[in-house]
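Please read the structure below before turning to the comments.
Everything numeric in this text was worked out from a predicted model, so none of it was measured.
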Amino acid sequence: MTNDWIIDVLTDLKTFATENGLIALAGQLEDTALVASAEIFSQAEAPQKIANWEVGNTGRIHRTVTAR
């Protein structure tokens with residue numbers, strides 16, 4: 001996973017919030033980390049889409065594209 005670093009950042013923020021009595025924020029950050037994990041996992045499991053197009057007389061070009 002290339003985007004899993006965000007989970008570490010959210011975990012660090014949650015730890016800070018908890019240690020400083022920001023309980024509601026810590027809860028929201030935990031929820032956010034779960035959403036981020038689910039989205040990162042779903043992107044990693046999704047099949048890549050292939051864009052095909054013709055360019056002059058060079059033949060068909062295949063290029064991998066990803067959804068945002």
Subject >> Single-linkage hydrophobic cluster, 4.5 Å side-chain cutoff, Leu29 and Trp5 together >> reply: yes
Original post:
Do Leu25 and Val9 belong together in a cluster built from hydrophobic side chains that touch within less than 4.5 Å?
Top reply: yes
**OP:** Group every Ile, Leu, Val, Met, Phe, Trp and Tyr by side-chain heavy-atom contacts under 4.5 Å, then state whether Ile23 and Phe16 land in the same group.
**Re:** no
**OP:** Drop me the distance from Asp31's CG to Leu10's CG, to the nearest 0.5 angstrom.
**Re:** 11.0 Å
Original post:
Partners of Glu30 by salt bridge (charged side-chain N to carboxylate O under 4.0 Å, His left out), sequence neighbours excluded?
Top reply: Lys14
**OP:** Sequence neighbours left out, what passes side chain to side chain contact (heavy atoms under 4.5 Å, CB included) with Ile7? Give chain and number order.
**Re:** Thr11, Ala36, Ser37, Ile40
